[in-house]
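Each remark here refers to the structure printed beneath this line.
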Amino acid sequence: MRRQFHGLVYIVALVALPVALGYTSKSAYHWKSKIERSHFSGFLTLGSASVSDEISQAPPGSETSESKSYLDDGFVFGLANSGLDRPFGKQDHFSMPTAQLVVDGDTLETQPWQVALVLTTFLCHGAFASNAFTEMLSVNHGNIQLTLIQSFALLVTSWLVADLGSGILHWSVDNYGNGRTPVMGGVIAAFQGHHSAPWTITKRGFCNNVYKLCIPFGFAPMAAIDLLSGPHATMFFTFFCVMEIMSQEFHKWSHMTKSECPQWGNQFQNLGLTIGRKPHAQHHLPPYDGNYCIVSGVWNSILDKSGFFRRLEHVIYQFNGVESNAWKLDPQLRSKTLLGDYSQDL
């Protein structure tokens with residue numbers, strides 16, 4: 001098989017994820033209007049409704065006063081009558097509702113199988129990186145300095161791309177799907193529920209915090225990439241997957257005070273290598289519509305100023321009629337986006 005296909009599918013999958021998640025959220029509201037494909041200028045029209053008609057529709061969540069479960073279609077953490085009150089202020093970590101567990105079966109206690117999964121994942125990634133380095137050294141005819149320089153360059157590049165990837169993933173699972181979504185349901189429920197109990201993450205041990213990301217960024221995708229690519233691509237995506245897994249720990253540090261955070265975590269934040277406290281705090285302002293990147297956050301300003309995520313939300317809505325959770329939480333944001341105004345107040 002041709003080596004040029006390495007890992008590209010993996011990046012494309014991150015962008016395509018919200019479309020797939022949207023299809024699994026078969027809310028009755030989403031599908032009231034039938035989608036018709038227009039062959040004029042390549043645009044999609046939703047039934048015979050105009051943009052002004054779409055804007056005037058009542059947003060989901062305003063039609064019922066019944067509390068919903070995070071497993072229900074159309075459920076949005078933070079929306080009125082969701083059944084969960086979003087706490088304000090830090091309070092005591094073990095008191096309710098700050099340390100509230102919003103997903104059935106979740107626990108703050110690290111389980112042995114979580115340790116096994118995380119340990120196995122990192123050992124496998126270490127093996128992939130070691131093998132890739134050996135192959136790179138062979139390609140470079142034993143030039144260790146060149147191989148080290150290439151490895152460092154791949155590390156820096158993967159750090160940048162991983163931050164972008166973390167933002168796309170975070171936006172996807174924050175805005176589409178629910179706890180019943182196949183494969184990603186646990187990740188989706190955890191990320192969306194985090195908005196209602198944001199400080200709970202600070203009480204999780206390392207393995208309890210990152211294990212969910214060991215599935216999409218674990219052995220299986222890396223084995224496929226290694227099979228289809230050369231050593232440089234394998235090294236890049238090994239770093240990339242490790243960064244994505246670690247992004248959840250960087251995320252945890254951004255919710256900790258300096259005294260709670262490990263000293264190296266504070267140093268990484270000071271150097272801008274991991275997401276800082278103040279930048280990430282901006283994400284936790286409803287409707288949670290920006291600052292999605294959680295590796296370092298270097299992409300946040302670029303993506304938010306360009307209206308990148310609003311454009312994607314508009315495209316997805318035109319394609320399948322599914323609205324983002326940010327729209328449901330902020331009808332004005334919905335109206336602006338439908339009118340083609342993708343600007344964001346920073």
Side-chain angles (χ1 to χ4, degrees), residues 10 17 69-71 77 84 92-132 162 165-166 169-170 173-174 177-226 234 237-257 259-266 268 274-275 294-295:
Y10 206 57
L17 180 62
S69 162
Y70 73 94
L71 293 174
F77 283 104
L84 274 173
D92 178 79
H93 285 329
F94 288 106
S95 68
M96 299 295 280
T98 302
Q100 187 173 6
L101 297 175
V102 298
V103 178
D104 293 341
D106 192 12
T107 176
L108 297 179
E109 182 179 349
T110 300
Q111 304 299 309
W113 64 268
Q114 295 171 350
V115 176
L117 175 60
V118 173
L119 180 61
T120 301
T121 298
F122 279 105
L123 286 175
C124 288
H125 286 0
F128 283 123
S130 177
N131 184 63
S166 73
L169 175 67
H170 190 180
V173 297
D174 266 12
N178 58 29
R180 292 187 302 180
T181 301
V183 182
M184 297 296 292
V187 176
I188 292 169
F191 268 85
Q192 294 182 7
H194 172 66
H195 293 155
S196 291
W199 294 102
T200 301
I201 192 175
T202 65
K203 304 312 298 180
R204 296 186 183 277
F206 175 74
C207 293
N208 180 276
N209 188 37
V210 306
Y211 79 93
K212 289 184 178 72
L213 292 174
C214 288
I215 304 301
F217 300 105
F219 172 78
M222 274 310 307
I225 290 170
D226 185 57
T234 297
F237 279 101
T238 300
F239 288 145
F240 174 85
C241 288
V242 170
M243 291 287 182
E244 293 295 351
I245 294 172
M246 288 298 300
S247 69
Q248 186 65 350
E249 191 69 5
F250 302 157
H251 180 199
K252 182 176 79 175
W253 294 348
S254 73
H255 281 284
M256 289 178 160
T257 63
S259 61
E260 295 170 331
C261 185
Q263 188 57 39
W264 63 84
N266 289 324
F268 286 162
T274 62
I275 186 68
I294 55 174
V295 172

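We number each residue from 1, following the sequence as shown.
- We find the CG-OG1 distance between L108 and T110 to be 9.0 Å, quoted to the nearest 0.5 Å.
- At distances below 3.5 Å, not a single donor-acceptor pair connects side-chain atoms of S130 with backbone N or O atoms of G126.
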TODO: Determine, step by step, whether C124 and M222 satisfy the side chain to side chain contact (heavy atoms under 4.5 Å, CB included) criterion, reporting the C-alpha distance in whole Å, the side-chain angles of both residues, the deciding distance to 0.1 Å, and the verdict.
DONE: CA-CA 9 Å; C124 288; M222 274 310 307; over 6 Å; no
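- Distance check, rounded to the nearest 0.5 Å: CD1 of I294 to OG of S166 gives 5.5 Å.
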Listing, residues 206-218 side-chain donor-acceptor contacts under 3.5 Å, not counting sequence neighbours, or none:
from, atom 1, to, atom 2, distance (Å)
N208, OD1, R204, NH1, 2.7
N208, ND2, T107, O, 2.9
N208, ND2, E109, O, 3.4
N208, ND2, Q114, OE1, 3.3
N209, ND2, Q248, O, 3.0
N209, ND2, E249, OE1, 3.0

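- Shortest non-hydrogen contact noted between H251 and I201 is ND1-CD1, 3.7 Å.
- Evaluation of the side chain to side chain contact (heavy atoms under 4.5 Å, CB included) rule for A162 yields F240, M243, E244, V295 as partners, not counting sequence neighbours.
- With sequence neighbours excluded, the residues forming a side chain to side chain contact (heavy atoms under 4.5 Å, CB included) with A223 are F128, F219, listed by chain and number.
- In this structure S247 satisfies the side chain to side chain donor-acceptor pair (under 3.5 Å) test with no other residue, sequence neighbours excluded.
- Contact between P262 and W253 at its shortest, heavy atoms only, is CD-NE1, 3.8 Å.
- Listed here is the closest heavy atom pair of I188 and V173: CG2-O, 3.6 Å.
- Across every non-hydrogen atom of T238 and T234, the tightest pair is OG1-O, 2.7 Å.
- The main-chain N or O of L117 is never found under 3.5 Å from a side-chain atom of T120 such that the two would form a donor-acceptor pair.
- Judged as a ring pair (Phe, Tyr, Trp, His ring centres under 6.0 Å), and not counting sequence neighbours, the contacts of H170 are F191, H283, Y292.
- Rounding to the nearest 0.5 Å gives a distance of 8.0 Å between OG1 of T202 and NZ of K252.
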